[in-house]
Amino acid sequence: MDYDFKKIEQKWQEKWAAEKTYSVSVDDSKPKYYVLDMFPYPSGAGLHVGHPLGYIASDIYSRYKRLKGFNVLHPMGYDAFGLPAEQYAIQTGRHPEKTTDENIARYRSQLDRIGFSFDWDRSFRTCDPSYYKWTQWAFIKMFKSWYDPDLDKARPITELVSRFETKGYDGISPEEWKDYSEKEKSDVLMRYRIAYLGETNVNWCEGLGTVLANDEVKDGVSVRGGFPVVQKKMAQWQLRVSAYAERLLKSLDNLEWTDSLKDMQRNWIGKSEGTEMVFDTECDGVHLPITIFTTRADTVFGVTFMVLAPESELVPQLTAASQKEAVEEYLSYAAKKTERERQAETKNITGVFTGSYGINPFTEEKIPIWISEYVLSGYGTGAIMGVPAHDSRDYAFAKKFNLPIIPLIEGADVSEESFDATEGIMMNSGFMNGMDVNTAIEAAKVYVEENKLGHRKTNYRLRDAIFSRQRYWGEPFPIYYKDGIPTPLPERELPLRLPEIDSFKPVHGEAPLKRAKNWTYKGYPLETSTMPGFAGSSAYYLRYMDPHNNEELVSAEANKYWRNVDLYVGGTEHAVGHLIYSRFWNKFLYDHGYVCEEEPFKKLINQGMIQGRSNFVYRKAGTNTFVSLGLKDKYKTTEIHVDVNIVHNDRLDLEAFKKWRPEFADAEFELENGEYICGWAVEKMSKSMYNVVNPDEICNSYGADTLRLYEMFLGPLEQSKPWDTNGIDGVHRFLKKLWRLFFHQDTVLVSDDEPSPAELKVLHTLIGKEEEDIESFSFNTNISAFMIAVNELTELKTSSRKILEPLVVLLSPFAPHMAEELWHTALGHSDSVVYAKFPEYNEAFTIEDSVKYPISFNGKTRFLVDLPKDASPAEVEKTVRELPDTAKFVGDKTIVKVIVVPGRIVNIVLK
RNA sequence: GCCUUGGUGGUGGAAAGGUAGACACGAGGGACUUAAAAUCCCUUGGACAGAAAUGUCCGUGCGGGUUCAAUUCCCGCCCGAGGCACCA
């Protein structure tokens, strides 16, 4: 019987689906394990081979955990709201729901072919009203909550209202509160709500009449149409993520995430402990105290100027009449740049003098106030003190505008660059002279507080999440405006369904939902923005626990059993966005007792990106003749992308090429040794580069099991790497070789023979390695080990059931279809290999890292022996001679080399 | 610019600080076959010496350092990738 992967894979996939092999339920008799993939956005291009990389890894792990006796929840769904579907709708007029449905159907059929162990009964899409009901529900909860700094958690807003009514709070007395109108009360509460409406800067494109994403803006103009884009303030719904900054930072410590990912999140949260200080200012005779934030209060003696962010609301008040024109000109210049452009542009220093002055609170000296784009309004107070001697950005600014530079640290040479390090002895600093910098920082803080110049303050870079989008294809906000006051819908009205509209184009300056007829609740207008992409993906992992529950997001029973995600697999591109929002969302629900775990994702693995490997052909200038790679330098040629699907091992399929596009129908070729060799390059996988490889193609020609193995064999999971079909024959051959251990033509080779020690050694080495490798996600090296094991067993002509049966179980996480087939046909089992037990590792049959046995390392066998540092050659020789007799495991290997290092280790290499 | 990450043969990659290049692809040679496919065996980082077994030297982006020993640790560069808050 040949290895007929097509027949086998179809057979088992049908059986798994029919028997619901992977469907799970709450089962208190077994420990749970929750393995989650970042669900895909179903794009029109379909699934490419990059998508399944993480899914295959998590599937291997899920199957492994099942063999280990866990009740494994392994679901899959679709992140279905998003911009691409909407833009496609604007171009074609097709409803995003239709195209999304089609894309999902295509994704599903592609996923099904790869043989994942998903529990499809739990699947959902975020654009389904029965799902987004719970996104809207959470939003209302956030709207109705505030962050209580004393309890350090979210509490119902009603508690805050009663504080206002009884004791007063935050400078508002009960009397004042009582006198407020409904509108005023609403405005005050908005300042505390977790979900709130507030002003923020957006990329506004007048030409398109809409707000744009940073991706849609390049060099100050819109990517589509090239219209100018400016920064504009707009009222937007926001989530008070910043309230959770400290908790988001702290609980990182207990997560099993990589240090690099935690670093990214820590830097994103950007905690800095410093000082808020008040500087008195004067503009055209009017005095105005302004607050700045600094982490270096010790450097106040070196402050020679102040800088405001262009968006700072202080700008109008601090602009002197004489500088008005210059300032306005500068503001319109700055409004044309996105924040990122402003940060990236450090060589070209810009700024404008406001004409007003501040007073240095330590020296009482008068210092000029400037405006510059390097100060960001979103961080700190949007105003800084300039210390050119000890901050490189301030230094560059001072140099450019000829502002004085006062060095504050002894021996620091600031003639060429600033001295940013926090070390050295202070000078020119009054009461701090002679202090060490770190002592001075603390002394300055004390001085500031004692002299009532300001106070200590912890700042976070983390900003509140902007939650409104002026788009159609997203969750509608369950908010209506009652006499201008934002009011949540009653929960019984959820879901608030996305209305039908006649066109998906934005209405000038307004969201597309403005077009919807009767978009009102009880006669009051409903909010017309929709929620962003991350809304639906922030709590989706909870919904999988109880996906059909129409009364709750997740029942307490289901949540108590499944708790949180044990293993989350996805790309690093989500390191700060989704993974911060999800953690925030979960903590919010935790505060209210809706979920029992404070963190959503216990362990996280980032899979790398799969890049495309493009192929090129070379056309001789002015002809329709294509020359092979090795000959191209002889002519003037044009490099043309060619579809990688008609190239195999960089050899072009000439006939397929002629058929590929009409203009190549009569192409001629200059070959090398009878073949056309293509050039290649690593690029992003995209349609336009013709380097998209569809997993279906691989399934057709090699089978899903080969695809699964190959994706894992390609390299370390976490690493980005180009997809290159060239090596796939290797793993396919391995599977065929493994198959031949069980079958010779139509004969089943499995016997009841007792296994030999050599066979047991091979098996148990593999069991130990597989356990270790899967736990550390080293699938690529594990497959290598599997290949070596199969080669050795082939050489040993193994037929013993006691070897082959565990081998199939070991294979099943990687190549489940083949494993099932062998389990049934060759080994005669009637139930699925899914229900098998992971084989027990017996180190008696393996070579371990002990002094007694050699260990197998890097394909070679070696002893590691501890010797005293001053061991004499004679002692070394004696030790080597007395090594235990391990011939029965080492076989006919003989010592070829003994390396003795004066340290303590002897390497004995065996061949 | 900032944060994170990577750089090893023709290719993907492997290496407790201890034989650099496991495993695999490709390539070259051979066996089987009328032939092809499939399968199996040998060679394969570079240079040099040798009839051969084998030996010597050079080699992990670049420049330094620590160490008996560095792909691995430290410092400084160069180049690529991901993210930078409205792509998902």
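Under 4.0 angstrom from either OP1 or OP2 of rA14(B) there lies at least one side-chain N or O belonging to Asn780(A). Side-chain N/O atoms of Arg266(A) include none lying less than 4.0 angstrom from OP1 or OP2 on rC3(B). Close to rU11(B), at under 4.0 Å from its OP1 or OP2, lies no side-chain N or O of Lys721(A). Within the 4.0 Å cut-off from OP1 or OP2 of rA24(B), at least one side-chain nitrogen or oxygen of Asn791(A) is found.
Nearest-nucleotide mapping onto RNA chain B: of Arg733(A) and Asn267(A), the residue sitting toward the 5' end is Asn267(A). Both Gly730(A) and Lys737(A) sit near RNA chain B, but only Gly730(A) has its closest nucleotide nearer the 5' end.
What separates CE of Met712(A) from C1' of rC23(B) is a distance of 16 Å, to the nearest Å. The distance between atom CZ of Arg651(A) and atom C1' of rC25(B), rounded to the nearest whole Å, is 12 Å. Between the CD atom of Gln87(A) and the C1' atom of rA88(B) there is a distance of 12 Å, rounded to whole Å. Rounded to whole angstrom, the span from the CG atom of Asp724(A) across to the P atom of rU11(B) amounts to 11 Å. Between the C1' atom of rG13(B) and the CD atom of Glu718(A) lies a distance of 14 Å, rounded to the nearest Å. Atom P of nucleotide rC2(B) and atom CD of Gln265(A) are separated by 22 Å, given to the nearest angstrom. The distance from atom NZ of Lys736(A) to atom P of rA24(B) is 15 Å, rounded to the nearest whole Å. Distance CZ (Phe743(A)) to P (rU39(B)): 18 Å, rounded to an integer number of Å.
The shortest side-chain heavy-atom distance between Gln236(A) and Phe467(A) does not fall under the 4.5 Å cut-off. Within the 4.5 Å cutoff, the side chain of Glu86(A) has heavy atoms near those of the Pro512(A) side chain. Side-chain contact between Val241(A) and Leu248(A) is present, with at least one heavy-atom pair separated by less than 4.5 Å.
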Strictly under 3.5 Å: I want the nitrogen or oxygen pairs between protein and nucleotides 80-87 of chain B, one per line.
| from | atom 1 | to | atom 2 | distance (Å) |
| --- | --- | --- | --- | --- |
| rA85(B) | OP1 | Asn214(A) | ND2 | 3.2 |
| rA85(B) | OP1 | Arg340(A) | NE | 3.2 |
| rA85(B) | OP1 | Arg340(A) | NH2 | 2.6 |
| rA85(B) | O5' | Asn214(A) | ND2 | 3.3 |
| rA85(B) | N6 | Arg461(A) | O | 2.9 |
| rA85(B) | N1 | Arg463(A) | N | 2.9 |
| rC86(B) | O4' | Arg469(A) | NE | 3.1 |
| rC86(B) | O4' | Arg469(A) | NH2 | 3.1 |
| rC86(B) | O2' | Leu212(A) | O | 3.3 |
| rC86(B) | O2' | Ala213(A) | N | 3.1 |
| rC86(B) | O2' | Asn214(A) | N | 3.0 |
| rC86(B) | O2 | Arg471(A) | NH2 | 3.0 |
| rC86(B) | N4 | Gln236(A) | NE2 | 3.4 |

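Rounded to a whole angstrom, the distance from the P atom of rC79(B) to that of rG59(B) is 24 Å. Using P as the reference atom, rA36(B) and rU43(B) are 24 Å apart when rounded to the nearest Å. Comparing the C1' positions of rC3(B) and rA85(B) gives an interatomic distance of 13 Å, to the nearest angstrom. Atom C1' of rG46(B) sits at a distance of 14 Å from the matching atom of rU60(B), rounded to the whole Å.
A cation-pi geometry, defined here as NZ or CZ lying under 6.0 Å from the six-membered ring centre and within 45° of its normal, does not hold between Arg733(A) and Trp739(A).
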Working for side-chain hydrogen bond (donor to acceptor under 3.5 Å, both in side chains), residues Glu527(A) and Trp237(A): CA-CA 10 Å; Glu527(A) 169 67 50; Trp237(A) 284 101; 2.9 Å; yes
Derivation and outcome, side-chain hydrogen bond (donor to acceptor under 3.5 Å, both in side chains), residues Asp79(A) and Tyr540(A): CA-CA 9 Å; Asp79(A) 185 16; Tyr540(A) 75 112; over 6 Å; no
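Among the heavy atoms of the strands lying under 4.0 Å from Pro716(A) are primed sugar atoms or P, OP1, OP2 only; no base atom is included.
Ring centers of Phe5(A) and Tyr702(A): at least 6.0 Å apart, outside the cut-off. The ring of Phe504(A) has its center closer than 6.0 angstrom to the ring center of Tyr472(A). Taking the ring centroids of Phe779(A) and Phe777(A), they lie under the 6.0 Å cut-off.
Base orientation of rG9(B): syn (glycosidic angle within 90° of 0).
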Per-nucleotide pairing state of RNA chain B [Watson-Crick or G-U, under 3.5 Å; [ ] pseudoknot-crossing; | other strand]: (((((((..(((.....[....)))((((((.......))))))(((((....)))))..(((((..]....))))))))))))....
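Within a 6.0 Å radius of CD in Glu775(A), more than 12 heavy atoms belonging to other residues, nucleotides or ligands are found.
Considering only side-chain atoms of Asn726(A), the nucleotide from rC25(B), rC23(B), rU4(B) that sits closest is rC25(B).
Looking at Glu475(A) and Thr530(A), their side chains never bring a donor and an acceptor atom within 3.5 Å of each other.
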